[in-house]
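Have a look at the structure below, then the notes.
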Amino acid sequence: MPEYLPTAPAKGTRDFLPAEMSVRTQVFGHLYDVLELRGFLRYDGPILEPAEIYERKSGQEIADQQLYTLTTKGGERLALRPEMTPSVARMIAGNAKALQFPVRWYSHPNCHRYERPQRGRVREHWQINADIFGSDSANCEIEIFELIHDMMSALGATPDMFQVRANDRNLLSSALTDIVGVTAEQLPQVFTLVDRWEKSDRTKLSDTATEIGLTDKQFEKLTEILTSGAALLDELPEQVKENSNLVKVLNSGAADLITFDPMIVRGLAYYTSTVFEVFDTSPENRRALFGGGRYSDLASLFTSQQIPGIGFGMGDVTLIDFLDTHGLTPKPRSEVDVVVIPVIEELTDASREVAGRLRKAGLRTSTPVELRKLGKELTRADKAGARAVVIVGQEDWDAGNVTVRGLATREQRTVALDGVVDAVNSSL
């Protein structure tokens, strides 16, 4: 007996059969439309990048634990991209002289991270990225927050289904140093602690704080400021708040788009000020869906020119989970709208002519590749989701006619060939 290879995809990856691919195409199509209505232009880049750009800018967790790396025959160390932001920073820096800033770009790459597969996490995912490069204005933050709401709305989500929780790393740094008494050396470790705050129990958080060097009193104060919400802003220096784009958003007409939350910090190392995460509010799926933030110096890996940016990445796994949770997942499209069936083999060319007319009119149309009895072809068309069939019989064809049958109504009529498009449309 031959030993067959397994048919399952590699661990942490997924197959998308036509029905699931139809759902994904519909979902992402809505998101592309929103992005392009706002002037975002689509780009793409290589799936392989020098490993160094992730090791230097993406943060320790990605660089040390999640990066897929390889060494070429020439000795070059490459990595499968775990995210798109370093790549787009490289592209922006390399083409900066030819660009008219600010620029709005978006992409939809597949990314790879060596993670433990679980709900919401796989090893290969697709992620829509949207970024604005070349401006420090708080209007960029406002546009990004508006964009998120527009994209979620395009998928059928209402504002009560999700929440955009935002923070500013500079505000948090001020709170940690001025109120809690965290030292500059301790700050990176405390940021990591804050990033894990909602995912760990209090004992573990307290133990980690002790390891960092915080006293019990400092830990209590840290707990107080992280749970204080917008009230924390009243305790911060005015100069710090004046320099914060997020505070400007909170003082604008766009304030209702976000909720200020001191716990939002984001784990990626390149975020420098505004950070945000979008959360599902359903008790069945209360988790972060996606997030992003502002980076002032990401392009510094590639150029001395400072090119600020702000953006986010929306992953497909958590997005589809969100749609499933709220009953918003679209149904797969049928294979075709109409099937043209020749009664005998000799009418195959005639059926192709009819099908050509229907396709030119924008109707998804197929013809049998292996002709069977009419009853079996009608059953096949019904299972394919067709809403109408066109039957090409010898006597009708000789008279310049065809028969159009609505599969839902079972009503049929004979029409002239020139009227077949209108007849099919009326059956749909």
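Residues: numbered from 1 along the sequence shown.
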Do the non-hydrogen side-chain atoms of [X] and [Y] ever get within less than 4.5 Å of each other?
X	Y	value
Ser351	Ile341	no
Lys248	Glu242	no
Thr318	His125	no
Ile128	Leu319	no
Glu52	Pro86	no
Val247	Phe260	no

Check the side chains of [Y] and [X] for a donor-acceptor pair under 3.5 angstrom, ignoring hydrogens and angles.
X	Y	value
Thr329	Asp324	yes
Ser87	Glu49	yes
Asp216	Gln218	no
Ser228	Glu224	no
Thr259	Gln163	yes

Does [X] come within less than 4.0 Å of [Y], counting only side-chain N to carboxylate O?
X	Y	answer
Lys241	Glu235	no
Arg104	Glu143	yes
Lys217	Glu220	no
Glu115	Arg123	no
Arg294	Glu141	yes

(message) I'd like to know whether CG of Asp160 has more than 12 heavy-atom contacts from other residues, nucleotides or ligands below 6.0 angstrom.
(response) yes
(message) If you count every heavy atom of other residues, nucleotides or ligands that lies below 6.0 Å from Tyr114 atom OH, does the total exceed 12?
(response)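 Count not over threshold, so no.
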(message) My understanding is that only residues two or more places apart in sequence, or in another chain, count here; which of them pass side chain to side chain donor-acceptor pair (under 3.5 Å) with Asp261?
(response) Arg165
Considering all heavy atoms, the nearest [X]-[Y] contact:
X	Y	result
Pro82	Leu67	CG-CD1, 3.7 Å
Thr223	Thr227	O-OG1, 2.8 Å
Ala388	Val424	CB-CG1, 4.4 Å
Thr303	Ile307	CG2-CD1, 4.5 Å

Donor-acceptor pairs are to be reported for all side-chain atoms of residues 31-43 against protein atoms at under 3.5 Å, with residues two or more places apart or in another chain.
unit_1	atom_1	unit_2	atom_2	d
Tyr32	OH	His108	ND1	2.6
Glu36	OE2	Tyr106	OH	2.5
Arg38	NE	Asp150	OD2	3.0
Arg38	NH2	Glu146	OE1	3.3
Arg38	NH2	Asp150	OD2	3.0
Tyr43	OH	Ser107	OG	3.2

For [Y], is there any backbone N or O sitting under 3.5 Å from a side-chain donor or acceptor partner on [X]?
X	Y	result
Ser173	Arg169	yes
Asp131	Trp105	no
Ser206	Arg202	no

(message) Does Phe312 form a side chain to side chain contact (heavy atoms under 4.5 Å, CB included) with Met151? I'd like the steps, not just the answer.
(response) CA-CA 12 Å; Phe312 63 87; Met151 292 172 75; 3.7 Å; yes
(message) Which label fits Phe322 and Phe162: parallel for a plane angle under 30°, tilted from 30 to 60°, or perpendicular past 60°?
(response)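 Rings of Phe322 and Phe162: perpendicular, over 60°.
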(request) Could you label the plane-to-plane angle of the Tyr295 and Tyr271 rings as parallel, tilted or perpendicular, counting under 30° as parallel and over 60° as perpendicular? (result)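 It falls in the tilted class, 30° to 60°.
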(request) Among Leu48, Asn110, Ile53, find the one that has a side chain to side chain contact (heavy atoms under 4.5 Å, CB included) with Arg81. (result) Asn110
(request) Before giving the answer on side chain to side chain contact (heavy atoms under 4.5 Å, CB included), spell out for Arg364 and Ser334 the whole-Å C-alpha distance, their side-chain angles and the decisive distance to 0.1 Å. (result) CA-CA 10 Å; Arg364 296 176 301 139; Ser334 62; 3.1 Å; yes
(request) Would you check, one step at a time, whether the test side chain to side chain contact (heavy atoms under 4.5 Å, CB included) holds for Val389 with Leu407? (result) CA-CA 7 Å; Val389 296; Leu407 291 179; 4.0 Å; yes
(request) Kindly determine whether Ile258 and Leu246 satisfy side chain to side chain contact (heavy atoms under 4.5 Å, CB included), including the steps that lead there. (result) CA-CA 10 Å; Ile258 60 172; Leu246 188 66; 3.6 Å; yes
(request) Answer yes or no on whether Arg14 is positioned over the face of Trp126, meaning its NZ or CZ is under 6.0 Å from the six-membered ring centre and within 45° of the axis. (result) no
